[in-house]
Asker: 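The structure follows.
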Amino acid sequence: MKKKRHAAIIGIIEDVAVETQEDLGERLLEKGFAVTQATISRDIKELKLTKIPDGTGKQKYAVLAEGKEKVSARQKRVFKEGVTGIYPAGNIMVIKTLIGMAMAVAASLDAMDDNLEIVGTIAGDDTIMSVMKTPEDVLLVIERLRRVLSEHD
């Protein structure tokens with residue numbers, strides 16, 4: 001069932017511009033898949049979907065089909081374009097983003113976390129909270145992310 005649902009999601013986002021999880025859920029329901037928002041969120045992460053500009057000033061979900069190196073460059077670009085601030089709060093890192101970019105930036109963050117300091121990440125509309133094991137890990141991750149933000153293309 002999961003493989004069929006994943007195939008349906010990919011088909012949907014390739015056929016139409018899907019801007020929100022709610023929209024994706026409605027389109028899945030039309031195809032016979034009754035799913036919760038939590039399931040859609042997990043599917044988006046498992047399929048490594050990200051949001052990209054749709055050409056009208058809005059965002060839409062897309063599949064990243066390139067190899068690891070190209071994904072890394074794209075993920076860094078999404079991160080750099082979406083982040084407006086990074087702040088420590090104990091063992092939590094708070095990232096502020098442009099409105100509507102938190103999910104895409106969080107996916108980029110997950111892709112860039114090769115050292116696995118991040119225990120878990122939650123994204124809203126313009127805010128991301130990432131939990132680390134220690135406050136020291138937060139400072140290390142923030143330092144690394146600020147270097148990414150300052151890199152020149």
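The residues of the chain are indexed from 1 along the displayed sequence. Below, all heavy atoms of this structure are taken into account, side chains as well, without hydrogens, waters or symmetry copies. Nothing here was measured: the structure is a model prediction, and the numbers come from that model.
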Asker: Evaluate the side-chain proximity of Lys96 to Asp126: yes if any heavy-atom separation is below 4.5 Å, no if none is.
Answerer: yes
Asker: If I compare all heavy atoms of Glu46 with all of Lys2, which pair ends up nearest, and what's the gap?
Answerer: OE1-CE, 2.7 Å
Asker: Do Ile9 and Leu28 come within less than 4.5 Å of each other through their side chains, counting heavy atoms only?
Answerer: yes
Asker: Show the nearest heavy-atom pair for residues Pro88 and Val138, with the distance to one decimal.
Answerer: CB-CG1, 3.8 Å
Asker: Report yes or no: does Ser130 contribute a side-chain atom to a donor-acceptor pair with the main-chain N or O of Met93 at less than 3.5 Å?
Answerer: no
Asker: Hey, are the side chains of Glu136 and Leu140 touching, using non-hydrogen atoms and a 4.5 Å cut-off?
Answerer: no
Asker: Starting at CG of Leu47, measure out to OH of Tyr61 and round the result to the nearest 0.5 Å.
Answerer: 11.5 Å
Asker: Enter the distance from Ile122:CD1 to Ile128:CD1 here, rounded to the nearest 0.5 Å.
Answerer: 11.5 Å
Asker: Is any side-chain heavy atom of Gln21 less than 4.5 Å from a side-chain heavy atom of Met103?
Answerer: yes
Asker: Looking at Leu49 and Ile13, what are the two nearest heavy atoms and their distance?
Answerer: CD2-CD1, 3.6 Å
Asker: Hey, which of Thr20, Val16, Asp15 is the one that makes side-chain contact (heavy atoms from CB on, under 4.5 Å) with Val18?
Answerer: Val16
Asker: Looking at Glu22, I want to see if its CD is surrounded by more than 12 non-hydrogen atoms of other residues, nucleotides or ligands under 6.0 Å.
Answerer: no
Asker: Counting only heavy atoms not in Leu139 (residues, nucleotides, ligands), do more than 12 fall under 6.0 Å from its CG?
Answerer: yes
Asker: Just by modelled atom types, is the Ala107 backbone N or O under 3.5 Å from a matching donor or acceptor in the Lys45 side chain?
Answerer: no
Asker: For the atom pair OG (Ser108) and CD (Glu81), what is the distance rounded to the nearest 0.5 Å?
Answerer: 10.0 Å
Asker: Ignoring hydrogens, what is the shortest heavy-atom contact between Ala123 and Ala106? Give both atom names and the distance.
Answerer: CB-CB, 3.8 Å
Asker: So, taking the atom named CD1 in Ile99 and the one named OG1 in Thr127, what distance separates them when rounded to the nearest 0.5 Å?
Answerer: 10.0 Å
Asker: Does any non-hydrogen side-chain atom of Ser41 lie less than 4.5 Å from one of Gln37?
Answerer: yes
Asker: Please report the closest heavy-atom contact between Ala104 and Thr50, naming both atoms and the distance.
Answerer: CB-OG1, 3.7 Å
Asker: Counting C-beta onward and ignoring hydrogens, is there a side-chain heavy-atom pair between Phe79 and Leu145 closer than 4.5 Å?
Answerer: yes
Asker: So, the side chain of Asn91 versus the backbone of Met132: is there a donor-acceptor pair under 3.5 Å, distance only?
Answerer: yes
Asker: If the threshold is 4.0 Å, N to carboxylate O, is there a salt bridge linking Glu143 and Arg147?
Answerer: yes
Asker: Is there side-chain contact between Lys80 and Leu149, with heavy atoms separated by less than 4.5 Å?
Answerer: yes
